[in-house]
Amino acid sequence: MRLCVNIDHIATLREARGGNEPDPLTAAHLCELAGAEGIVCHLREDRRHINDRDLRLLRETVKTKLDLEMAAIDEILGICIETLPDLATFVPERRQERTTESGLDVIRNASRIAEAVARLHEHDIEVSLFVDPLEEQIEAAAEVGADIVELHTGDFAAARSQEELIVQVQKLRAAAACARSLDLGVNAGHGLNYLNIRYLHDIPEIEEVSIGHAIIARAVFVGLEKAVSDMVRLAAGKS
Ligand code: PXP
């Protein structure tokens, strides 16, 4: 699996003091030097971490692949079209949440999402939908024209027993097979870490993982390059 690193937490730390350190651009470049195959950032409506300038400069300087996480709302769709990321990942967004808490309800919001997907496709931007590992949501993702689904691994990451873990891996496996059968690309993310990532190797359809918290948390102690290169190796199935 390819590793894409979410650098929102670097910007969160910067915003804690309101200055310009640490710089998410420096983080993005170190992640790439350490072997990450993509950089992910979430431009939130409330700009609580990544801001418009970060996004613009990331677009200019990221050499691998830039994945913009975003709510499918008018303002952000406009910014996405100006920025032209390599991938736009639609996520649900609530102001009160600490991080993205669930997958998109593609079924309920089908016409709005279909319109947003079509708008980005007009500008050759690929679109991924962050969904819970449920076949009906994945079928809806295919119907609205998405290119990729990112399977929400939050419940898998929260599993507290071996039995629960097995159940969650089976859900992810079925969802990944369903997505592939519908010609969708398959990514995964949320709550993935240095211990649980190995279980995803049982699901060959998953091509890419998006990881933020675990990598940045480890980087505090071992440095960003080591934290990223260790995860690049684990994602690739090496110990
Ligand atoms: N994928 C999506 C769609 C997310 O919203 C997030 C959180 O920003 C992640 C992946 C990364 O999750 P984590 O920080 O738990 O690795």
Side-chain angles (χ1 to χ4, degrees), residues 1-13 15 24 27-28 31 36-50 54-55 58 65-73 76 80 85-106 113 126-134 137-138 141 146-159 168 172 175-176 179 184-197 199-200 206-220 224 227-228 230-232 234-235:
M1 292 182 292
R2 300 185 294 265
L3 172 66
C4 293
V5 181
N6 180 312
I7 56 167
D8 293 348
H9 285 311
I10 302 288
T12 299
L13 195 53
E15 294 307 308
C31 290
E37 294 191 55
I39 300 298
V40 188
C41 67
H42 184 171
L43 185 71
R44 282 182 169 266
E45 200 183 357
D46 63 10
R47 308 297 197 272
R48 71 170 74 153
H49 38 55
I50 293 293
D54 295 330
L55 179 62
L58 284 167
K65 158 183 172 178
L66 181 64
D67 175 2
L68 174 61
E69 272 184 31
M70 55 181 280
I73 55 172
I76 310 288
C80 181
D86 301 288
L87 179 67
T89 299
F90 290 176
V91 297
E93 195 174 296
R94 281 194 295 275
R95 280 186 182 243
Q96 300 80 6
E97 69 191 358
R98 281 196 212 165
T99 177
T100 316
E101 283 167 357
S102 64
L104 278 173
D105 190 342
V106 189
I113 294 173
E126 274 204 307
V127 182
S128 173
L129 303 184
F130 183 55
V131 292
D132 293 328
L134 298 169
Q137 291 291 348
I138 292 162
D147 305 289
I148 296 168
V149 283
E150 179 178 330
L151 300 177
H152 187 340
T153 48
D155 287 345
F156 155 77
Q168 294 300 334
L172 289 169
L184 291 163
V186 187
N187 296 344
H190 214 281
L192 297 177
N193 63 36
Y194 293 83
L195 298 177
N196 63 23
I197 189 151
Y199 294 98
L200 298 191
I206 300 177
E207 297 159 76
E208 189 172 288
V209 286
S210 166
I211 307 181
H213 187 83
I215 292 175
I216 306 304
R218 181 172 287 214
V220 171
L224 188 55
V228 172
D230 284 353
M231 189 60 93
V232 165
L234 290 176

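Indexing begins at 1, ligand by ligand and atom by atom, following the structure's order.
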Query raised in the report: Would you call the rings of His190 and His152 parallel, tilted or perpendicular, where under 30° means parallel and over 60° means perpendicular?
Result: tilted

Query raised in the report: Is any side-chain N of the basic residue among Glu208 and Lys65 closer than 4.0 Å to the acidic one's carboxylate O?
Result: yes

Report summary line: Looking only at heavy atoms, the pair that brings Val209 and Leu192 closest together is CG1-CD1, 3.7 Å

Query raised in the report: If you take all heavy atoms of Ile113 and Val106, which pair is closest and at what distance?
Result: CD1-CA, 3.9 Å

Which atoms of ligand 1 are found less than 4.0 Å from any heavy atom of [X]?
X      : value
Phe130 : 3 (C)
Asn6   : 8 (O)
Ile211 : 16 (O)
His213 : 13 (P), 14 (O), 16 (O)
Val91  : 3 (C)
Glu150 : 1 (N), 2 (C), 3 (C), 10 (C)

Query raised in the report: With a 4.0 Å cut-off on heavy atoms, is Gly191 touching ligand 1?
Result: yes

**Report entry** Heavy-atom nearest neighbour of atom 2 (C) of ligand 1 within options His190, His42, Glu69
**Finding:** Glu69

Report task. Determine, stepwise, if the pair Asp46 / Arg48 fulfils salt bridge (Lys or Arg N to Asp or Glu O under 4.0 Å). Result -> CA-CA 5 Å; Asp46 63 10; Arg48 71 170 74 153; 3.3 Å; yes

Report summary line: Rounded to the nearest 0.5 angstrom, the CG-CE distance for Asn193 and Met231 is 6.5 Å

Report summary line: Checking heavy atoms under 4.0 Å, the part of His152 that sits near ligand 1 is neither

Query raised in the report: Do Leu151 and Phe156 come within less than 4.5 Å of each other through their side chains, counting heavy atoms only?
Result: no

